[in-house]
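Worth saying up front: this structure is predicted, and the values here are computed from it rather than measured.
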Amino acid sequence: MMQRLRNSGAARLFGTAGIVLAVRVSGTLLTLTYTLLMIGVAPPEEVGHAFAALSAGFLLSVVVSLNVEAGSIRFLPLYFENERKADASGYVFWCRRTVLVMTAGLMIPAVAILIWRNGLAELGPYLLSFAAAPIIANGRINSRHGIALGLVLRAALPRMLVRPVFMTAALGTANLMDLDLSATQIMVAFFVASSLATGLQWLLIRHAMAFRHETKPDYSEARDWVPFGLMLSPMLVMNEYMRNLIILTSGIVLMPADVARLGISLSMISVLNFGLNAFDMVFSPKISRATAQDKPRRRAKLLTVCGAGKLVALVVGVPLAWVFIPYVLGFMGKDYAGIEDMFLALAIIPASKAIFGPANLVLNVTGHKKILFWCALIGAGGIVLGTLAGHAIDGTRGVIIGAALAAAFYQALLFTMCRWHTGTDTTVLSLMWDKRRQVAA
């Protein structure tokens, strides 16, 4: 009987993981779809403004929440296990109020900077991105809280699927009706989509959050909540919003039409990146378990197989994308000529992830949080500097190469720190290096 229950639990776990993976695949493909649909309803300049505004909204959402919600999986289970409902309630309220306070504190200076930078004429898309930022932040909070409380599907699925489905439907309808949209109108659709996603999340997990009203909130643990979130903020940016960081930084030095071409290229790269990340989703739990159980040989085998799979996927995926791009260019028109060259240069980003392997995973499992923080902070700074320096050296082409090389440098830095501090090689050569280490010992 117990065995049957364990098997049933495992089946549910794998079923949930399979659903999440399928939804993530669907969301990634729909995101690429609505990105391409933008081309059919807006000129390159408006698409460029929309890309910059979208990126500003995503990155600002990290700032307004201070990423405090990152501690959900650590703090909420701990509080409930020890019957500390006051602390759990305080943590939930603290996350929401942080967004309110930070939004109010940042909105006025941010709007002033935008008026100084772009003038009133081009302010519309960015005002909408600022309005969407706290909504996106609350969506991330809902997701983290829901997952920590065991509501994985209810918390994660709306965040991953509702926005791309709505944007695809809205822009697809605009294409069918042969409408011409501005960046502001595209951002209105984005604001509505983000609001729907976050609202649906809350409806699905609200019943599990009733505890927050059952006791007086205790905020005494905030001294732990805030530093924990801030420490993980650079990693959130580099793991989820690197593309947005590149686009937003490039918008400082490139014309909007060039930003549009860069954004389309990065969207194509995102699909390739997701294919590689699928290997990490499969192998990460096993690698983590082997690392925690101090089984270096098994970990080396897993890292080698994972790395080999990524390299094969890269060797197959890049040529396939190269074959696909001319058909996409036929749909885009002459305004987007040169996308294929951008794509090849930006392929350095997924290539570096495949070559250097999941060094961040090994560093995380072995408890090197500070190293991860500094690597991510340096990586984010490197992308900004690489993008700006690249433009100074070689214009648009320099921006692309500079951003791609900076992203590769980040992966190389993680790998170097992992080898130095843990002695683990995370490349496809991991098994070979482990055998050499054993012979030397």
Walk me through whether Asn277 and Lys353 qualify under side-chain contact (heavy atoms from CB on, under 4.5 Å). CA-CA 9 Å; Asn277 289 340; Lys353 294 180 71 174; 3.0 Å; yes

Once the angle between the rings of Tyr91 and His145 is folded into 0 to 90°, is it parallel (under 30°), tilted (30 to 60°) or perpendicular (over 60°)? tilted

pair Met102-Ser65: side-chain heavy atoms closer than 4.5 Å: no

Any side-chain to backbone donor/acceptor pair from Asn142 onto Ala155? Under 3.5 Å, distance only. no

dist Arg144:CZ -> Ile73:CD1 (nearest 0.5 Å) comes out at 9.5 Å

Flag the pair Tyr34 / Phe166 as yes when their ring centroid distance falls below 6.0 Å, and as no otherwise. no

Tell me, yes or no, whether the heavy-atom count around Arg24 atom CZ, taken from other residues, nucleotides or ligands under 6.0 Å, exceeds 12. no

Does the ring center of Phe191 lie less than 6.0 Å from the ring center of Phe130? no

Within the structure provided, determine whether Phe373 and Leu230 are in side-chain contact (heavy-atom separation under 4.5 Å). no

Heavy-atom pair of closest approach, residues Thr291 and Arg299: OG1-CD, 3.0 Å

Checking Asp258 side chain against Leu254 main chain: does a donor-acceptor pair fall under 3.5 Å? no

Report yes or no: does Thr198 contribute a side-chain atom to a donor-acceptor pair with the main-chain N or O of Ser195 at less than 3.5 Å? no

Please check this pair: side chain of Thr98 against backbone of Trp94, looking for a donor-acceptor N/O pair closer than 3.5 Å. yes

About how many Å separate NE2 of His391 and OG of Ser250, when rounded to the nearest 0.5 Å? 10.0 Å

For Phe356 against Thr426, the heavy-atom pair lying closest together: O-OG1, 2.6 Å

Are Val41 and Gln185 packed together at the side-chain level, in the sense that at least one heavy-atom pair is separated by less than 4.5 angstrom? no

If we only count heavy atoms from C-beta on, is the Pro158 to Leu204 side-chain gap below 4.5 Å? yes

State, yes or no, whether a side-chain contact exists between Leu149 and Ile205 at a heavy-atom distance under 4.5 Å. no

Is there side-chain contact between Met242 and Val237, with heavy atoms separated by less than 4.5 Å? no

Under the side-chain contact (heavy atoms from CB on, under 4.5 Å) criterion, do Asn244 and Phe51 qualify, and how do the steps go? CA-CA 8 Å; Asn244 303 109; Phe51 271 131; over 6 Å; no

Here's one to test your reading of the geometry: is the NZ or CZ of Arg96 within 45 degrees of the ring axis of Phe93 and under 6.0 Å from its centre? no

Heavy-atom closest contact (Met38 atom, Ala50 atom, distance): CE-CB, 3.7 Å

Note: Arg397-Asp341 ion pair, threshold 4.0 Å (strictly below): no

Grab the two heavy atoms, one from Asp280 and one from Cys306, that are nearest each other, plus how far apart they are. OD1-SG, 3.8 Å

Is there a side-chain contact between Met231 and Phe228, using heavy atoms and a 4.5 Å cut-off? no

Quick one: does Thr103's side chain have a donor or acceptor within less than 3.5 Å of a partner on Leu100's backbone? no

Hits for side chain to side chain donor-acceptor pair (under 3.5 Å) against Asn360, two or more places apart or cross-chain, chain-then-number order -> none

Once you round to the nearest 0.5 Å, how far does CG of Leu302 lie from OG of Ser288? 10.0 Å

If you apply the rule side-chain contact (heavy atoms from CB on, under 4.5 Å), what do you find for Ile246 with Ile400, and how did you get there? CA-CA 9 Å; Ile246 294 172; Ile400 296 162; over 6 Å; no

Tell me the closest heavy-atom pair linking Thr427 and Phe415, and the distance in Å. CG2-CE1, 3.5 Å

Checking side-chain polar atoms at under 3.5 Å, does Arg163 have a donor or acceptor matched by the opposite partner on Thr31? no

Do Tyr219 and Arg97 get their side chains close enough for a donor-acceptor pair, meaning under 3.5 Å? yes

Distance check, rounded to the nearest 0.5 Å: Arg154 atom CZ versus Ser143 atom OG? 14.5 Å

Is there a donor-acceptor contact under 3.5 Å from the side chain of Gln201 to the main chain of Gly139? yes

Is the side chain of Glu45 donor-acceptor paired with the backbone N or O of Ala257 at a distance under 3.5 Å, no angle test? no

Can you establish whether the number of heavy atoms outside Trp322 located under 6.0 Å from its atom CH2 is more than 12? yes

Measure the shortest side-chain to side-chain distance between Ile186 and Pro125 over non-hydrogen atoms and say whether it is less than 4.5 angstrom. no

Criterion side chain to side chain donor-acceptor pair (under 3.5 Å) on Arg261 and Thr396, from CA distance to verdict: CA-CA 10 Å; Arg261 284 187 281 272; Thr396 302; over 6 Å; no

Hey, is Glu240 close enough to Arg159 for a salt bridge, meaning N to O under 4.0 Å? yes

Let me see the working for Tyr126 and Met187 under side-chain contact (heavy atoms from CB on, under 4.5 Å), right down to the final yes or no. CA-CA 8 Å; Tyr126 299 97; Met187 287 304 298; over 6 Å; no

Between atom OG of Ser267 and atom CZ of Phe343, what is the distance when rounded to the nearest 0.5 Å? 11.5 Å

Nearest 0.5 Å please: distance from the CZ atom of Arg289 over to the CD1 atom of Ile287. 10.5 Å

Looking only at heavy atoms, what is the nearest atom pair of Val64 and Ala133, with distance? CG2-O, 4.3 Å

